[in-house]
Colleague: 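Take a look at the following structure, please.
The basis for the numbers below is simple: all heavy atoms, side chains too, and nothing from hydrogens, waters or symmetry mates. In what follows, chains are A, B, ... by sequence order, proteins preceding strands, each numbered from 1.
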Amino acid sequence: MSESRWKKFYQAVRNVPRGRVASYGQIAELAGFEGHARQVGYALHALPANSGVPWHRVVNAKGEISPRSAGDSHELQRMLLEAEGVKFDGKGRVERRYFIHSKT
DNA sequence: AGCGTGACGCAGG
DNA sequence: ACCTGCGCCACGC
């Protein structure tokens with residue numbers, strides 16, 4: 001199945017340290033599939049809740065929690081991130097410095 | 001086998 | 001800094 005492709009994404013997500021976030025694009029890049037950010041989103045959507053993958057550390061390039069087509073997981077995501085010390089600005093965006101590539 | 005869809009990203013205006 | 005349009009590509013119908 002194409003699940004093996006998704007496993008690369010999941011593996012990349014596991015590499016995101018606690019208290020940090022990465023964009024879908026960064027995950028795709030780290031997994032060796034640069035430009036496939038959309039597929040990362042698809043893979044995470046198909047991810048079982050108890051997979052052990054820190055999916056909540058993945059946000060879009062704007063630093064915003066991507067809106068779901070359904071479900072309430074975006075609320076849970078913000079909760080989990082804040083629990084790790086990640087802060088949001090007034091517009092609900094994660095500050096740049098929390099991104100794994102950010103030097104500050 | 002074709003068409004629309006989506007947890008995205010980037011370039012332009 | 002914000003909004004819009006186009007590109008990407010696997011999945012489901």
Side-chain angles (χ1 to χ4, degrees):
Chain A
M1 288 168 94
S2 59
E3 204 173 325
S4 53
R5 224 145 318 178
W6 294 2
K7 279 188 179 179
K8 294 284 269 180
F9 294 145
Y10 300 150
Q11 205 170 322
V13 175
R14 284 197 197 86
N15 286 331
V16 181
R18 195 171 174 285
R20 284 285 149 104
V21 300
S23 71
Y24 294 88
Q26 286 177 321
I27 295 301
E29 188 178 346
L30 289 172
F33 288 89
E34 189 171 11
H36 292 229
R38 204 156 196 168
Q39 293 314 125
V40 174
Y42 200 93
L44 290 182
H45 187 209
L47 183 70
N50 39 349
S51 59
V53 177
W55 56 270
H56 57 278
R57 296 181 194 147
V58 185
V59 297
N60 65 29
K62 291 173 290 203
E64 200 170 47
I65 294 175
S66 289
R68 270 64 171 168
S69 51
D72 48 342
S73 48
H74 80 277
E75 270 189 37
L76 173 63
Q77 179 169 8
R78 175 159 181 165
M79 184 190 76
L80 290 169
L81 286 178
E82 289 184 324
E84 293 185 353
V86 176
K87 293 178 182 171
F88 293 75
D89 65 11
K91 300 184 184 72
R93 297 191 205 157
V94 172
E95 296 172 33
R96 291 298 294 183
R97 56 179 176 160
Y98 290 109
F99 280 76
I100 55 176
H101 266 298
S102 179
K103 296 169 185 177
T104 56

Colleague: Rounded to whole angstrom units, what separation is found between the CG atom of A/L47 and the P atom of C/dA10?
Modeller: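 Value for this atom pair: 19 Å.
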Colleague: Among residues 16-32 of chain A, which residues get a heavy atom nearer than 4.0 Å to DNA chain B?
Modeller: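 Nucleic-acid contacts, sorted: A/S23, A/Y24, A/G25.
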Colleague: Write down the atom of A/W6, the atom of A/A46, and the distance for their closest heavy-atom approach.
Modeller: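 Smallest heavy-atom distance, with atoms named: CZ3-CB, 3.2 Å.
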Colleague: Could you list, one pair per line, each protein nitrogen or oxygen that sits under 3.5 Å from a nitrogen or oxygen of nucleotides 5-7 of chain C, together with the distance?
Modeller:
unit_1, atom_1, unit_2, atom_2, d
C/dG7, O6, A/R38, NH1, 3.1

Colleague: Quick one: closest heavy-atom pair of A/R57 and A/V16, and the distance?
Modeller: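 Scanning both residues completely, I find the closest heavy atoms to be NH1-O, 2.9 Å.
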Colleague: Using whole Å, report how far CD of A/E64 lies from P of B/dG9.
Modeller: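 The answer, rounded to whole Å, is 11 Å.
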Colleague: If you assign A/Y42 and A/R93 each to the DNA chain C nucleotide with the nearest heavy atom, which residue ends up on the more 5' nucleotide?
Modeller: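 The residue whose closest nucleotide sits nearer the 5' end is A/R93.
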Colleague: Could you see if A/M79 belongs to whatever hydrophobic cluster contains A/V94? Use Ile, Leu, Val, Met, Phe, Trp, Tyr and a side-chain cutoff under 4.5 Å.
Modeller: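 Different clusters.
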Colleague: Short question: side chain of A/E82, backbone of A/F88 - any donor-acceptor pair under 3.5 Å?
Modeller: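 Such a contact is absent between A/E82 side chain and A/F88 backbone.
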Colleague: Between NE2 of A/H74 and NE2 of A/H56, what distance do you get to the nearest 0.5 Å?
Modeller: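 One gets 15.5 Å once the value is rounded to the nearest 0.5 Å.
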Colleague: When clusters are formed by joining ILVMFWY residues with side-chain heavy atoms under 4.5 Å apart, either directly or through shared neighbours, do A/V86 and A/L80 land in the same one?
Modeller: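 In one cluster: no.
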Colleague: Below 4.0 angstrom from OP1 or OP2 of B/dC8, is there any side-chain N or O of A/S66?
Modeller: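 Yes, A/S66 has a side-chain N/O under 4.0 Å of OP1/OP2 on B/dC8.
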Colleague: I'd like to know if A/I65 and A/Y98 are part of one continuous hydrophobic network [Ile/Leu/Val/Met/Phe/Trp/Tyr, side-chain heavy atoms within less than 4.5 Å].
Modeller: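 Hydrophobic grouping puts A/Y98 with A/I65.
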Colleague: Figure out the NZ/C1' separation between A/K91 and C/dA1, and round it to whole Å.
Modeller: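 Rounding to the nearest Å, NZ of A/K91 and C1' of C/dA1 are 8 Å apart.
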Colleague: Answer with yes or no whether A/E34 presents, from its side chain, a donor or acceptor under 3.5 Å of a partner atom in the base of B/dG9.
Modeller: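 Looking at the base of B/dG9, it does not pair with any donor or acceptor on the side chain of A/E34 (distance under 3.5 Å).
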Colleague: From NZ of A/K62 over to C1' of B/dG9, roughly how many Å is that when rounded to an integer?
Modeller: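 From A/K62 NZ to B/dG9 C1': 9 Å.
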Colleague: Let me check something: do A/L81 and A/F99 share a hydrophobic cluster, defined by ILVMFWY side-chain heavy atoms less than 4.5 Å apart, either directly or through other members?
Modeller: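 Shared cluster, yes.
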Colleague: Would you mind reading off the distance between A/N60 atom CG and C/dC8 atom P, rounded to a whole angstrom?
Modeller: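 Going from A/N60 (CG) to C/dC8 (P), I get 21 Å.
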Colleague: Which residue in the set A/I27, A/V40, A/L44 passes side chain to side chain contact (heavy atoms under 4.5 Å, CB included) when paired with A/Y10?
Modeller: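 Of all the options given, the one that passes is A/L44.
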Colleague: With heavy atoms under 4.0 Å as the rule, sort A/H45 into base, sugar-phosphate or nothing.
Modeller: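 Touches a base.
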Colleague: How many whole angstroms separate atom CD of A/Q39 from atom C1' of C/dA10?
Modeller: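 My rounded result for the distance is 5 Å.
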